[in-house]
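Please read the structure below before turning to the comments.
Sequential numbering from 1 along the given sequence is applied to the chain's residues. Source: prediction; values computed, not measured. All values below come from the heavy atoms of this structure, side chains included, with hydrogens, waters and symmetry mates left out.
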Amino acid sequence: APSNNPTAAAQALLHNPGAAQALANNPGAAAAAQAFLGNRGATYQPLLNNTHVGQQHMGVPGASISKPSTGEALMKGHTGSHALIRSDRGSMLSLSDDNVMMKQILATHAPDGRAFDVRPLLNLVEDILNRATQHVDFLVKGTTQAQIEMEEKALQANHIVMLEALTYTIDRIASELSYKALGGSDAHATTTAIFNLLSSYTWDAKLVLSLSAFALNYGEFWLLAQIYSTNQLAKSMAILRQLPSLLEHTALLKPRFDALNNLIRAMIDLTKCVVQFTQLPSTYISQDVPVLETAINLFPTAVYWTIRSMVACATQISNLSSMGHEFGISTTESWELSTLAHKLRNIYELLKQQLNLCYQYIEEKTDVAFYQLLLTLFDPNALHIDNMKVLKALIYDKDDKLPLLDGATKRQVSLDVLRRKNVLLLISSLEFANDELAILEQIYNESRIHATRLESQYEVVWIPIVDHSIIPLPEEMQTKFENLQSTMPWYSVLDPLVIKKPVIRFIKEVWHFRTKPILVVLDPQGK
């Protein structure tokens with residue numbers, strides 16, 4: 001490409017994966033290419049927008065998972081590929097071996113066995129960052145700020161005690177972020193220093209503690225912006241930070257705020273995703289299960305780039321206070337923030353995919369366990385005081401809602417209405433012949449007239465069987481269910497989806513339900 005056309009030169013690189021790989025392996029050539037292309041926005045944009053040069057051209061494992069931009073393909077995690085990382089001290093591109101970098105990070109990881117529930121702290125941090133980013137939107141757009149109430153569990157006394165134990169660590173990280181941002185230190189060096197401070201913590205704790213430190217600084221920044229006009233102390237502090245001057249130029253700063261907020265939201269999402277893995281029940285899934293092991297192997301990369309992003313955000317916030325009258329955002333700064341956000345989104349998508357696979361694995365394990373429970377409950381030799389344990393297993397085993405609808409009163413009721421009674425389980429699909437339903441209704445109504453007779457002392461419960469692979473139910477199926485339910489004078493399950501898949505398997509395999517309706521009679525002990 002001609003030297004006087006940087007865009008054409010960049011496009012030429014995009015269509016030549018071999019050239020891109022050569023640059024990744026040769027820092028000198030990369031520097032020369034950067035000087036040759038010139039530092040112009042037009043040069044970067046094709047790199048950011050291109051999705052055709054995928055990982056498969058770069059020899060990166062797992063290329064079929066996603067199609068990142070060229071910049072993203074060159075910024076992969078510790079998969080052995082080389083990373084293209086922009087230096088914080090200038091506009092020149094510098095190259096770093098991600099493999100060596102991740103070895104440095106792994107060398108700092110020496111958990112001492114301490115463990116604590118990070119969720120209350122994460123709730124608190126998410127609330128701070130949500131309010132801070134919304135305040136940015138309020139200042140820039142003039143819209144009404146949404147009010148988000150803090151979950152009460154984040155303020156419980158035992159969690160306050162936990163926070164007191166972690167305050168020193170959080171303050172040290174916050175100081176590290178602020179000091180290194182002001183000094184213009186190398187982002188990787190600052191990130192590594194934070195990892196050294198957190199060496200004894202687990203990966204999820206490293207993330208949440210770092211995010212807490214960042215939220216402390218960022219929340220304080222926007223708290224001053226929010227109250228400085230009405231509070232003299234805040235006004236004096238805001239003047240020291242040059243906030244009044246900044247807030248006069250919110251329109252000019254909007255691109256910078258938007259880039260920051262986008263990256264912060266990506267940081268929150270990725271942190272929450274990593275924490276979700278730590279909440280998986282160890283009874284049903286262990287760390288050596290392949291789907292979980294794959295995710296755990298991604299944790300160092302996810303934590304590194306999230307903390308690295310916090311460092312980048314802290315630098316941007318520091319620059320806001322020292323930028324004087326230069327209120328725009330440079331192409332390279334915008335490129336850095338957007339590239340980091342894109343990278344976090346890619347890692348998030350990979351982890352989210354693995355998390356869904358973990359949930360699927362756990363569901364399969366719990367379904368098998370629940371099916372075995374049903375076999376045990378209905379064992380001929382099993383003894384029960386009443387029928388409640390059996391009915392809860394078949395219909396709904398939690399106490400958070402009323403699972404039945406009374407056909408006579410059209411009110412929701414609990415399973416207690418069936419306690420120690422003969423129960424006729426009417427099991428069918430949504431295809432129920434009108435004549436069959438009419439005969440059942442006639443018999444049921446006659447029995448209600450002679451309620452004192454022994455043979456009349458029973459209750460009927462409709463158990464609808466639907467396909468659980470279609471969730472939520474299509475509108476047509478939901479309407480058909482509601483129409484059928486409305487014609488029944490007896491009890492029915494409020495929502496067909498509360499009937500678990502292992503229950504449906506039990507009904508089909510043990511009670512031989514196929515397509516025609518059946519009645520299963522349970523005595524007062526659930527036999």
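Side-chain atoms of Gln354 do not come within 3.5 Å of backbone N or O of Ala295 as any donor-acceptor pair. In this structure, the side chain of Asn297 engages the main chain of Glu293 through a donor-acceptor pair within 3.5 Å. Between the side chain of Asp495 and the backbone N or O of Val498 there is no donor-acceptor pair closer than 3.5 Å. Side chain of Asn123 to main chain of Arg119: a donor-acceptor pair is present (N/O by atom type, distance under 3.5 Å, no hydrogens or angles). Side-chain N or O atoms of Lys352 include none that pairs as donor or acceptor with a backbone N or O of Cys273 at under 3.5 Å.
Between Leu402 and Leu494, every side-chain heavy-atom pair lies at or beyond the 4.5 Å cut-off. Contact of the Asp171 side chain with the Tyr168 side chain is not registered, since no non-hydrogen atoms from C-beta on lie closer than 4.5 Å.
Separating the CG atom in Asp258 from the OG atom in Ser338 is a distance of 12.5 Å, to the nearest 0.5 Å. For the atom pair Leu340 CG and Cys313 SG, the distance stands at 8.0 Å (nearest 0.5 Å). The structure places CD1 of Ile105 at 9.5 Å from CZ of Arg308, a figure rounded to the nearest 0.5 Å. Between atom OH of residue Tyr359 and atom CD1 of residue Ile285 there is a gap of 10.0 Å, rounded to the nearest 0.5 Å. The distance from atom CD of Gln360 to atom CG of Leu357, rounded to the nearest 0.5 Å, is 6.0 Å. Note that CD1 of Ile173 is 6.5 Å distant from CD1 of Ile194, once rounded to the nearest 0.5 Å.
Applying the salt bridge (Lys or Arg N to Asp or Glu O under 4.0 Å) test to every pair with at least one member in residues 273-287, sequence neighbours left out, gives no pairs at all.
Remark: Glu475 CD is loosely packed, at most 12 non-hydrogen atoms of other residues, nucleotides or ligands lying under 6.0 Å away. Counting heavy-atom neighbours within 6.0 Å of Gln287 CD, excluding the residue itself, gives a total of 12 or less.
A salt bridge does not link Asp400 with Lys398: every distance from a Lys NZ or Arg NE/NH1/NH2 to an Asp or Glu carboxylate oxygen is 4.0 Å or more.
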Residue pair Leu207, Leu270: steps toward the side chain to side chain contact (heavy atoms under 4.5 Å, CB included) verdict = CA-CA 9 Å; Leu207 263 183; Leu270 186 50; 5.6 Å; no
CA sep, side-chain torsions, deciding dist, call: Lys401, Gln412, side chain to side chain contact (heavy atoms under 4.5 Å, CB included) = CA-CA 9 Å; Lys401 63 182 177 183; Gln412 292 177 230; 5.6 Å; no
task = Quick one: do Leu211 and Leu121 satisfy side chain to side chain contact (heavy atoms under 4.5 Å, CB included)? Show the steps, please.
result = CA-CA 10 Å; Leu211 197 62; Leu121 185 55; over 6 Å; no
ask   = Are Ile264 and Phe214 close enough, and set up right, to give a side chain to side chain contact (heavy atoms under 4.5 Å, CB included), and what steps lead you there?
value = CA-CA 10 Å; Ile264 289 170; Phe214 172 76; 3.9 Å; yes
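Checked against the 6.0 Å centroid threshold, Tyr361 and Tyr284 do not count as a close aromatic pair. The six-membered or imidazole ring of His188 lies near that of Tyr304, with a centre-to-centre distance under 6.0 Å.
Side chain to side chain, His468 and Lys500 fail the donor-acceptor criterion of an N or O pair below 3.5 Å. A side-chain N or O of Ser178 and one of Asn217 form a donor-acceptor pair less than 3.5 Å apart.
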